[in-house]
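Working notes for the structure below.
Only heavy atoms go into these numbers, but all of them, side chains included; no hydrogens, no water, no symmetry mates.
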Amino acid sequence: MSDSPKNPPADTRKGVQSVDHAFAILRAMEASDRPLAVKELSEATGMPPSKVHHYLVSLVRSGVLRQNGNGNYDLGPFALHLGMSALRRLDMIALASRAAETLRDRTGEAVFIAVWGSHGATIVRYFEGFKPVTVEVRAGLVLPVLTSATGRVFLAWGSAGQVETVARGEQPTTVEEIEALRQQTRSHGLGRVDGDLLPRIASLSAPVFDRDDRLALALTSLGWLEEFDTDPSGETATVLKEAAASLSRELGNTSR
C-alpha cells in the first residue's frame with residue numbers, strides 16, 4: 001500500500017507534504033455523506049491506518065474534525081465555521097441576507113436562507129422574527145428533504161439524483177411518493193409544511209434561481225402553526241414568492 005494520498009494534485013510545485021496528507025483526509029470526509037472510520041479513511045487516502053490516526057489526532061484537536069461516540073470521524077465545528085466564512089464572502093449570500101431581512105421586516109416572521117451542502121439542505125443565515133419561535137433553528141442545521149418546506153424546495157427544483165439519494169435515506173418512501181411530493185411542491189411554487197417536521201411549527205419556502213436558471217438557494221419563513229398562514233395563495237406566500245423572484249433577478253436570472 002502506498003504511503004502517499006491517492007490522486008495527488010497535478011500541481012508539481014514543492015509544498016508541505018504533511019499538509020497534503022491532511023487535506024487528503026479532509027477531501028475524503030467532504031466526499032462522504034456520513035462519518036468515516038479510520039480503516040475507511042485509510043482506504044480512501046492510500047495511507048496506512050496508523051498514519052491516518054496520527055493526522056486525525058491533530059485534526060480533531062484543532063476542531064476541523066470530531067470523533068463521535070462510535071469512534072468514527074466527521075467534520076467538526078471549525079470546518080463548519082470555515083465553510084460559513086467562505087459562504088459569507090459570496091455576493092449571493094450577501095444579497096440573500098438583505099432580501100431575508102426585508103422579508104422578515106415586512107412579515108414579522110422568522111426567515112432563513114438555506115443552500116444545498118455536502119449533507120443536504122443547510123441553513124446558512126437565520127433572522128429571528130418579531131414573534132420568536134422557540135425551536136432550535138441555527139446556521140449549520142441540516143434539514144430533512146421530505147418533511148421540511150426547505151427540503152421540498154430542493155426536492156422540486158434541485159439536482160434530482162443528488163437530492164433523492166438523501167430523501168430515500170430518511171424514511172420508507174417509494175419513488176412514486178417522492179415524485180408526488182415533487183409535483184405538489186412545483187404546482188404551489190413553494191415548499192409547505194404544517195407541523196410535519198416540528199409540532200406547532202408551520203413553514204413556507206421559495207426557490208431562488210441563479211443566472212443559469214439553477215436553484216441557488218431557498219428562502220424560508222416560519223412561525224407558530226396556529227398563527228402562520230400556509231395558504232399557497234395567501235398573503236405570506238405571495239410576499240415570499242415576490243421576495244424570491246426579486247432576489248433571482250438580482251442574481252441575474254431572467255427566465256422566471
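- With a 4.5 Å cut-off on side-chain heavy atoms, Leu36 and Tyr73 do not count as touching.
- The same ILVMFWY cluster, assembled from side-chain heavy atoms under 4.5 Å apart, contains both Leu75 and Val38.
- Judged by distance alone, the side chain of Arg192 and the main-chain N or O of Thr230 form a donor-acceptor pair under 3.5 Å.
- A salt bridge between Arg27 and Glu30 is absent, with no side-chain N of the basic residue lying under 4.0 Å from a carboxylate O of the acidic one.
- Between Ile25 and Leu65 the shortest side-chain heavy-atom distance falls below 4.5 Å.
- Between Phe209 and Trp157, the ring-plane angle classifies as perpendicular under the 30° and 60° cut-offs.
- Not a single donor-acceptor pair under 3.5 Å links the side chain of Thr185 to the backbone N or O of Leu190.
- Of the listed residues (Leu95, Asn253, Leu251), just one forms a side-chain contact (heavy atoms from CB on, under 4.5 Å) with Val208, and that residue is Leu251.
- Minimum interatomic distance between Ala114 and Phe154 (heavy atoms only, all atoms of both residues): O-CZ, 3.6 Å.
- Under the 4.5 Å side-chain heavy-atom criterion for Ile, Leu, Val, Met, Phe, Trp and Tyr, Phe78 and Val19 are members of the same hydrophobic cluster.
- A donor-acceptor distance shorter than 3.5 angstrom exists from the side chain of Ser97 to the backbone of Ile93, with no hydrogens or angles considered.
- Checking side-chain atoms of Ser42 against main-chain N and O of Glu40 turns up no donor-acceptor pair under 3.5 Å.
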Let's go through Arg182 and Glu179 carefully: what are the C-alpha distance in whole Å and the side-chain angles of both, what is the deciding distance for salt bridge (charged side-chain N to carboxylate O under 4.0 Å, His left out) to 0.1 Å, and is it a yes or a no? CA-CA 5 Å; Arg182 175 187 285 113; Glu179 183 58 29; 2.5 Å; yes
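- Closest approach of Val111 to Ala100, counting heavy atoms only: CG1-CB, 3.7 Å.
- Atom CG in Leu103 sits 10.0 Å away from atom OG1 in Thr220 (nearest 0.5 Å).
- Checking side-chain atoms of Ser203 against main-chain N and O of Val193 turns up no donor-acceptor pair under 3.5 Å.
- Separating the CZ atom in Phe112 from the CG atom in Leu141 is a distance of 8.0 Å, to the nearest 0.5 Å.
- For the pair Leu240 and Leu219, the minimum side-chain heavy-atom distance is below 4.5 Å.
- Proximity of Leu225 to Asp194: side-chain heavy atoms (C-beta onward) are separated by under 4.5 Å at one or more points.
- Here the NZ atom belonging to Lys241 is positioned 16.0 Å from the OG atom belonging to Ser246, to the nearest 0.5 angstrom.
- Remark: Glu226 CD is packed, more than 12 non-hydrogen atoms of other residues, nucleotides or ligands lying under 6.0 Å away.
- The nearest pair of heavy atoms linking Tyr55 to His21 is OH-CD2, 3.3 Å.
- Taking each heavy atom of Arg104 and Glu109 in turn, the nearest pair found is CG-O, 3.2 Å.
- At distances below 3.5 Å, at least one donor-acceptor pair connects side-chain atoms of Arg152 with backbone N or O atoms of Leu146.
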Trp116 vs Leu215, test: side-chain contact (heavy atoms from CB on, under 4.5 Å). Steps then yes/no. CA-CA 9 Å; Trp116 189 261; Leu215 180 63; over 6 Å; no
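- With hydrogens and angles disregarded, no donor-acceptor distance shorter than 3.5 Å links the side chain of Arg66 to the backbone of Pro77.
- To the nearest 0.5 Å, atom CG of residue Leu155 and atom OG1 of residue Thr150 are 12.5 Å apart.
- In this structure, Val142 is not a member of the same hydrophobic cluster as Met29, with clusters built from ILVMFWY side-chain heavy atoms closer than 4.5 Å.
- Summarising the local packing, NE2 of His119 is surrounded by more than 12 heavy atoms from other residues, nucleotides or ligands at distances under 6.0 Å.
- Side-chain contact between Leu217 and Val124 is absent, with no heavy atoms from C-beta onward closer than 4.5 Å.
- Scanning for salt bridge (Lys or Arg N to Asp or Glu O under 4.0 Å) contacts around Arg106 gives Glu242, with sequence neighbours left out.
- Atom CD1 in Ile113 sits 9.0 Å away from atom CE in Met92 (nearest 0.5 Å).
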What verdict does the side-chain contact (heavy atoms from CB on, under 4.5 Å) test give for Trp224 and Ile201, after you've listed the backbone C-alpha separation in whole Å, the side-chain angles of each residue and the deciding distance to 0.1 Å? CA-CA 5 Å; Trp224 294 113; Ile201 300 297; 3.7 Å; yes
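- In Phe127, the CZ atom is crowded: over 12 heavy atoms of neighbouring residues, nucleotides or ligands sit closer than 6.0 Å.
- Counting only distance, with no hydrogens or angles, the side chain of Ser148 and the backbone of Val145 share no donor-acceptor pair below 3.5 Å.
- If you chain together hydrophobic residues whose side chains sit under 4.5 Å apart, Leu26 and Leu56 fall into the same group.
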Show, in sequence, the C-alpha distance, side-chain angles and deciding distance for Thr107 and Phe130, and conclude whether the side-chain contact (heavy atoms from CB on, under 4.5 Å) test is met. CA-CA 9 Å; Thr107 65; Phe130 302 146; over 6 Å; no
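- Not a single donor-acceptor pair under 3.5 Å links the side chain of Asp212 to the backbone N or O of Arg214.
- Leu59 CG to Phe23 CZ: the interatomic distance, rounded to the nearest 0.5 Å, is 9.0 Å.
- Met47 and Val57 end up in different hydrophobic clusters when Ile, Leu, Val, Met, Phe, Trp and Tyr side chains are linked at under 4.5 Å.
- Between Gly234 and Asp229, the shortest heavy-atom contact is CA-OD2, 3.6 Å.
- Pairing each heavy atom of Ala28 with each of Ala44, the nearest pair is CB-CB, 3.8 Å.
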